[in-house]
Amino acid sequence: MAKTFSFAILHFTVAFTVGYLLTGSVVVGGLLAVIEPACNTVIFYFHEKAWKHFEETSPETHAKTVSLGWLHVH
């Protein structure tokens with residue numbers, strides 16, 4: 001959960017900065033900083049769960065894919 005939380009903080013900061021720089025509006029930057037990263041944070045959580053499930057249910061396929069260099073795994 002800590003990884004997800006740190007990702008959210010980073011994403012909020014980037015979204016606000018990009019929104020503000022593109023529009024010059026603190027309101028638009030703030031809205032982007034809340035809405036877009038919140039959606040991505042939820043998606044990221046389920047993405048991690050899906051990969052964990054993939055690794056646990058298909059260890060042979062996962063190992064072959066990683067050994068061929070198709071994935072960058074942390």
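Separating the CD1 atom in I9 from the OG1 atom in T4 is a distance of 12.0 Å, to the nearest 0.5 Å. In this structure, CZ on F16 lies 9.0 Å from CG on L21, to the nearest 0.5 angstrom.
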Scan the side chains in residues 25-38 for donor-acceptor partners under 3.5 Å anywhere in the protein, sequence neighbours excluded, and list what turns up.
{"residue": "S25", "atom": "OG", "partner": "V27", "partner atom": "N", "Å": "3.3"}
{"residue": "S25", "atom": "OG", "partner": "V28", "partner atom": "N", "Å": "3.1"}
{"residue": "E36", "atom": "OE1", "partner": "H11", "partner atom": "NE2", "Å": "2.8"}
{"residue": "E36", "atom": "OE2", "partner": "H11", "partner atom": "NE2", "Å": "3.3"}
{"residue": "E36", "atom": "OE2", "partner": "N40", "partner atom": "ND2", "Å": "2.4"}

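Residues passing the side-chain contact (heavy atoms from CB on, under 4.5 Å) test with F46 are V42, K49, sequence neighbours excluded. Partners of V18 by side-chain contact (heavy atoms from CB on, under 4.5 Å), not counting sequence neighbours, listed by chain and number: V14, L22. In this structure, the side-chain contact (heavy atoms from CB on, under 4.5 Å) partners of K52, at least two apart in sequence or on a different chain, are E56.
Within the structure, no pair that satisfies the salt bridge (charged side-chain N to carboxylate O under 4.0 Å, His left out) test touches residues 12-27, not counting sequence neighbours.
The hydrophobic cluster containing F44 also includes F7, under a criterion of side-chain heavy atoms closer than 4.5 Å among ILVMFWY residues, counted directly or through chains of members.
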